[in-house]
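Notes follow the structure.
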Amino acid sequence: MINGTYVSYFTLAAYFETGFFKYLYFVIIMSLYAFIVCANILLIVVICMNRSLHEPMYIFLCSLFVNELYGSTGLFPFLLLQILSDIHTVSASFCFLQIFGLYTYASIEFSNLTVISYDRYLAICCPLQYNTHMTSNKVVMLIALTWLYPFLAIFILISLSAPLQPCGNIINKVYCDNYSIVKLACSETTVNNIYGILYTFTTVILVLLILYTYMKILKVCFSGSRQTRQKAASTCTPHLASLLNFSCGCFFEIVQNRFDMKRVPNMLRIFLSLYWLTCQPLFNPVLYGLNITKIRITCKSLLFGKM
């Protein structure tokens, strides 16, 4: 209940009555989640079980696939329950837990993509120094940093949002969102806004670093042999495609939060708000599984026997 200073639950207002179609939506979402879990677990097992894939690039990819499982688990089971429910409310504590899970997923995704781009930069632009720079200890350190920094950053974000005194409990989304809760606040939110800007700025820096490394890679590739260009393209194209897909999804989400979207059809708004959380876990295993030769061959051998 709302008592002026404390909200025990939030209402997710983006859900609407679908009648019998809710069972169809449930089956579709369940199928997507099952595919995400199976595809990402398959690639994690393939990388972990094959010594030929125990190289930095594949270890970083394994971290990426683990994050896809983490992020999708923070959303899909919740969506499935809400689709079948007639009352779309969620407790305040669970709401902040979901925000923590989804926001750390996004931050870890960008961190993983940054580390992968750095690895590809060393491998293609500095091949002779690659083994010197990319040691086992450095791989462990980079993966630890990839996960620890987002957990710390989002913990601070939640710590700033949780004490706010809300004037309402209506969130116009199908899942919990930190910016929506901050907008509901009656109390001062200057610190929240400043921290949000700083956090967004660091994410933009990560994206710019990734683009810079790939510009350097492309420069080296175009000055090299045809074989060098083909090899670089086969490993870098999936990373760039993944970055662009996720960045576009996050951009849609930011636009929805910052601008009035009431004139946009409800279904389109729901699709755009879910795009960054649903398409990336679907997109990455297919993209990397099909485009990176070693992973594709190993997956075929595992699924269909020796080729």
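Here, residue 1 is the first one in the sequence, and each next residue gets the next number.
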Inter- and intrachain pairs under ring pair (Phe, Tyr, Trp, His ring centres under 6.0 Å), touching residues 139-170, at least two apart: Phe100-Phe151

Tell me whether [X] contacts the main-chain N or O of [Y] through its side chain, where contact means a donor paired with an acceptor under 3.5 Å.
X      : Y      : result
Tyr199 : Ile154 : no
Ser242 : Pro238 : no
Asn172 : Ala13  : no
Gln98  : Tyr175 : no

So for atom CE, which belongs to Met141, do other residues, nucleotides or ligands contribute more than 12 heavy atoms lying within a distance under 6.0 Å? yes

Is it true that atom CZ of Phe16 has more than 12 heavy atoms of other residues, nucleotides or ligands lying nearer than 6.0 Å? yes

To check you understand the geometry: which heavy-atom pair defines the closest contact between [X] and [Y], and what is its length?
X      : Y      : result
Gly168 : Phe10  : O-CE2, 4.4 Å
Ala14  : Lys173 : CB-C, 3.3 Å
Tyr33  : Thr73  : OH-OG1, 3.2 Å
Val37  : Leu69  : CA-CD2, 3.6 Å
Tyr103 : Asn178 : OH-N, 3.2 Å
Ser117 : Ile217 : O-CD1, 4.4 Å

Evaluate the side chain to side chain contact (heavy atoms under 4.5 Å, CB included) criterion for residues Phe110 and Thr202: first the C-alpha distance (whole Å), next the side-chain angles of each, then the deciding distance (0.1 Å), finally the verdict. CA-CA 10 Å; Phe110 278 119; Thr202 58; over 6 Å; no

For residues 118-129, please give each side-chain donor-acceptor pair under 3.5 Å, one per line with the distance, not counting sequence neighbours.
| unit_1 | atom_1 | unit_2 | atom_2 | d |
| --- | --- | --- | --- | --- |
| Tyr118 | OH | Lys138 | NZ | 2.8 |
| Asp119 | OD1 | Tyr130 | OH | 2.5 |

Exercise: do Asp177 and Gln256 side chains pair donor with acceptor under 3.5 Å: no

Contact check, side chains of [X] and [Y], non-hydrogen atoms, under 4.5 Å:
X      : Y      : result
Leu12  : Phe78  : yes
Val207 : Phe246 : no
Leu277 : Phe76  : no
Leu43  : Cys299 : yes

Of all pairs that satisfy side-chain hydrogen bond (donor to acceptor under 3.5 Å, both in side chains), the ones with a partner from residues 34-59, not counting sequence neighbours: Glu55-Lys294

Could you check Leu61 against Leu64 for side chain to side chain contact (heavy atoms under 4.5 Å, CB included), going step by step and ending with a plain yes or no? CA-CA 5 Å; Leu61 285 178; Leu64 188 71; 4.3 Å; yes

Pairs of donor and acceptor atoms involving the side chains of residues 181-188, under 3.5 Å and at least two apart or interchain, shall be tabulated with distances.
| unit_1 | atom_1 | unit_2 | atom_2 | d |
| --- | --- | --- | --- | --- |
| Ser187 | OG | Gln165 | N | 3.2 |
| Glu188 | OE2 | Thr190 | N | 3.2 |
| Glu188 | OE2 | Thr190 | OG1 | 2.1 |

Please say yes or no: joined through hydrophobic side-chain contacts below 4.5 Å, possibly via intermediate residues, are Tyr179 and Leu164 part of one cluster? no

Starting from Tyr70, can I reach Tyr288 by hopping between I/L/V/M/F/W/Y residues whose side chains sit under 4.5 Å apart? yes

Linking Ile, Leu, Val, Met, Phe, Trp and Tyr through side-chain heavy atoms less than 4.5 Å apart, which residues share a cluster with Ile254? none

I would like to know whether Glu17 and Lys22 meet side chain to side chain contact (heavy atoms under 4.5 Å, CB included); could you show each step before the answer? CA-CA 8 Å; Glu17 181 59 41; Lys22 69 180 180 181; 5.8 Å; no

Can you give me every donor-acceptor pair (side chain of residues 81-97, partner residue at least two apart or in another chain, under 3.5 Å) with its distance?
| unit_1 | atom_1 | unit_2 | atom_2 | d |
| --- | --- | --- | --- | --- |
| Gln82 | OE1 | His88 | ND1 | 3.1 |
| Ser85 | OG | Ile87 | N | 3.2 |
| Ser85 | OG | Ile87 | O | 2.8 |
| His88 | ND1 | Gln82 | O | 3.2 |
| Ser91 | OG | Ser93 | OG | 3.4 |
| Ser91 | OG | Phe94 | N | 3.3 |

Full working for side chain to side chain contact (heavy atoms under 4.5 Å, CB included) between Leu79 and Leu274: CA-CA 10 Å; Leu79 274 183; Leu274 289 173; 4.1 Å; yes

